[in-house]
Number of protein chains: 2
Amino acid sequence: MTDAGRRRGRPSTGVREAVLAATEAILGESGVARLSTKEIARRAGVAESSIFYHFGDRLGLLQAVVALHLPRFKDVADGLVPGEGGLRANLVALLDGLVAFYARVAPILAAVQADAELRARFADRGAGEVIGPRRGVAPIAAYLAGERELGRVRADLDVEAAAMVLLAVAHQRAVLGRLSDGPAPGGTGDAVDVLLAGLAAG
Amino acid sequence: MTDAGRRRGRPSTGVREAVLAATEAILGESGVARLSTKEIARRAGVAESSIFYHFGDRLGLLQAVVALHLPRFKDVADGLVPGEGGLRANLVALLDGLVAFYARVAPILAAVQADAELRARFADRGAGEVIGPRRGVAPIAAYLAGERELGRVRADLDVEAAAMVLLAVAHQRAVLGRLSDGPAPGGTGDAVDVLLAGLAAG
DNA sequence: GTCTATAAGTTGATAGAC
DNA sequence: GTCTATCAACTTATAGAC
């Protein structure tokens with residue numbers, strides 16, 4: 001991006017993008033288990049060899065797909081302003097947004113879990129970032145800290161731990177929805193109510 | 001099992017068991033992505049064709065592995081007696097046990113997510129059972145209901161929803177541990193503290 | 001950058017001897 | 001029940017024309 005949005009070298013003809021889109025689509029429908037470069041090429045309407053030209057090898061392609069989704073994580077808490085709106089309504093909206101996000105990312109997350117080679121390539125720079133810590137926790141914890149300062153959340157709350165729990169519930173609901181082809185039992189509201197009031201007796 | 005623990009037909013020579021164990025081992029180390037009947041046979045020290053004799057096809061084998069793990073789910077809340085021990089200590093122990101359980105089951109769960117054919121075979125009889133509802137929720141909800149009757153848990157708690165949250169946290173921690181080769185950030189205690197006290201201000 | 005053609009290896013699965 | 005031998009189809013990846 002040195003020159004007004006212009007890339008270096010020859011202009012792309014969209015093959016790279018088509019391959020990425022096709023890979024993601026297959027990943028969502030069928031998973032990594034039977035994912036082949038042949039099927040990707042067929043679906044993207046390109047030559048199989050183009051995949052290797054752009055991504056080096058099969059793993060490079062998968063790596064590119066994962067990398068494509070990492071940055072999107074930071075947007076999950078967007079539009080949440082401490083003090084604005086009801087706390088419960090905010091949390092329900094947040095959780096619904098997180099579930100939708102995880103529904104898109106779950107296939108990729110499953111791919112990383114199910115492919116040791118892919119997992120190995122993401123060993124150092126965290127692959128775990130996609131599911132929880134760092135990237136996902138920070139913005140949610142920041143929102144909760146804001147609510148804590150306003151006194152709408154208990155003063156001694158561990159906001160990072162609370163954010164982790166929210167992410168856990170969202171991920172669970174997304175995976176369940178994928179496995180059983182329908183929303184998970186109970187609503188997001190039920191989970192939020194448990195989280196708000198806690199388990200312990202008054 | 002009609003005759004004093006004796007099975008019908010010829011006695012097994014352990015090939016079936018060896019194949020199942022090898023499959024599970026590979027699944028844990030490498031995932032479904034590159035799982036082949038050839039490698040399974042090599043690792044189990046049997047002929048590849050024996051796999052097809054016992055399980056019909058590759059999918060039948062995977063199905064058998066999944067089925068092997070479903071029943072184990074009911075033991076997760078064993079040894080938990082409402083009123084005995086501290087509530088917090090009980091929940092921490094439960095959560096630790098759940099994490100350990102999910103750590104074993106996670107590779108299989110990932111396999112179901114990552115293999116559309118396998119997912120399809122478990123569409124009707126719930127595959128989602130492994131991660132949350134029905135099997136997993138019931139015993140935990142029962143324990144919480146017991147504590148609720150004793151007044152150690154708030155009277156209006158939705159015990160099913162609370163059990164789901166506990167399973168979600170356990171699953172998250174297991175997956176994170178797998179992805180980053182180490183325990184997830186924060187302890188199980190932190191999560192339990194959030195769950196006990198809740199988010200809302202006094 | 002994208003294609004066609006092709007190579008070498010691996011895949012799931014079957015047949016048939018013991 | 002378990003093995004060896006074998007197969008056609010598919011796998012990832014490369015070479016070279018355009």
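Proteins come first, then strands; the chains are lettered A, B, ... in the order of their sequence lines, and each starts at number 1. All values below were derived from every heavy atom in this structure, side-chain atoms included, with hydrogens, water molecules and symmetry-related copies excluded. Note that the coordinates shown come from a computational prediction; the quantities given were computed from them, not determined experimentally.
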Engineer: For dC3(C) and Ser50(A) - does any side-chain N or O of the residue sit under 4.0 Å from the phosphate oxygens OP1/OP2?
Structural biologist: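 For dC3(C), OP1/OP2 do have a side-chain N/O of Ser50(A) under 4.0 Å.
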
Engineer: When we call it a touch if two heavy atoms are under 4.0 Å apart, what does Leu61(A) touch: a base, just sugar-phosphate, or nothing?
Structural biologist: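 No contact.
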
Engineer: Whole angstroms only, please: what is the CZ-P distance between Arg42(B) and dT4(D)?
Structural biologist: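 Roughly 15 Å, once rounded to whole Å.
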
Engineer: Let me confirm one number: the CG-CZ distance from Leu62(B) to Phe55(B), rounded to the nearest 0.5 Å.
Structural biologist: 10.0 Å

Engineer: So which of residues 19-33 of chain A are in contact with DNA chain D, with a heavy-atom cut-off of under 4.0 Å?
Structural biologist: none

Engineer: In terms of side-chain geometry, is the basic nitrogen of Asp193(A) or Arg88(A) positioned less than 4.0 Å from the acidic oxygen of its partner?
Structural biologist: yes

Engineer: Can you list everything that forms a side chain to side chain contact (heavy atoms under 4.5 Å, CB included) with Ala161(B)? Sequence neighbours excluded, please.
Structural biologist: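 Per chain and number, Ala161(B) pairs via side chain to side chain contact (heavy atoms under 4.5 Å, CB included) with Asp190(A), Val194(A), Asp158(B).
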
Engineer: Going through the distances and angles, do Arg178(A) and Arg119(B) end up as a side chain to side chain contact (heavy atoms under 4.5 Å, CB included)?
Structural biologist: CA-CA 9 Å; Arg178(A) 245 179 92 66; Arg119(B) 203 164 59 231; 3.1 Å; yes

Engineer: Would you confirm whether Ser50(B), through its side chain, and Val46(B), through its main-chain N or O, come within 3.5 Å as a donor-acceptor pair?
Structural biologist: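 Judged by distance alone, no pair lies under 3.5 Å.
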
Engineer: Answer yes or no: does a side-chain N or O of Ser36(B) lie under 4.0 Å from OP1 or OP2 of dT11(C)?
Structural biologist: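 Yes, such a contact exists.
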
Engineer: Please verify the inter-ring angle class for His171(B) with Tyr102(B); under 30° counts as parallel, over 60° as perpendicular, anything in between as tilted.
Structural biologist: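 Aromatic pair His171(B)/Tyr102(B) classed tilted.
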
Engineer: Is it the case that the side chain of Arg58(A) and the backbone of Leu35(A) share a donor-acceptor pair, with hydrogens and angles ignored and the cut-off at 3.5 Å?
Structural biologist: yes

Engineer: In whole angstrom, what separates Tyr53(B)'s OH from dT4(D)'s P?
Structural biologist: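 Distance check: Tyr53(B) OH to dT4(D) P gives 17 Å.
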
Engineer: Identify, between Arg34(B) and Lys38(B), the residue whose nearest nucleotide on DNA chain D lies closer to the 5' end.
Structural biologist: Lys38(B)

Engineer: Working to the nearest 0.5 Å, report the span between OG1 of Thr23(A) and CG of Leu61(A).
Structural biologist: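 Those atoms lie 4.0 Å apart.
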
Engineer: Describe the nucleic acid contact of Arg16(A) in one word from base, sugar-phosphate, nothing, applying a heavy-atom distance below 4.0 Å.
Structural biologist: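 Nothing, no heavy atom under 4.0 Å.
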
Engineer: Rounded to whole Å, please give me the gap between CG in Asp115(B) and P in dG12(C).
Structural biologist: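 In whole Å, dG12(C) P and Asp115(B) CG are 11 Å from each other.
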
Engineer: State plainly whether the residues Arg154(B) and Glu147(B) are in salt-bridge range, i.e. N to O under 4.0 Å.
Structural biologist: no

Engineer: Rounding to an integer number of Å, can you tell me how far Phe55(A) CZ sits from dT12(D) P?
Structural biologist: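 Phe55(A) atom CZ is separated from dT12(D) atom P by 15 Å.
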
Engineer: Let me know the distance between CD of Glu39(B) and P of dT11(C), rounded to the nearest Å.
Structural biologist: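 Roughly 8 Å, once rounded to whole Å.
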
Engineer: Between C1' on dT4(D) and CD1 on Ile51(B), what's the gap in Å once rounded to a whole number?
Structural biologist: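 Ile51(B) atom CD1 is separated from dT4(D) atom C1' by 15 Å.
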
Engineer: Spell out protein contact along nucleotides 13-18 of chain D as letters: B when the base is contacted, S when just the sugar-phosphate is, - when no protein heavy atom is under 4.0 Å; keep the 5' to 3' order.
Structural biologist: BBB---

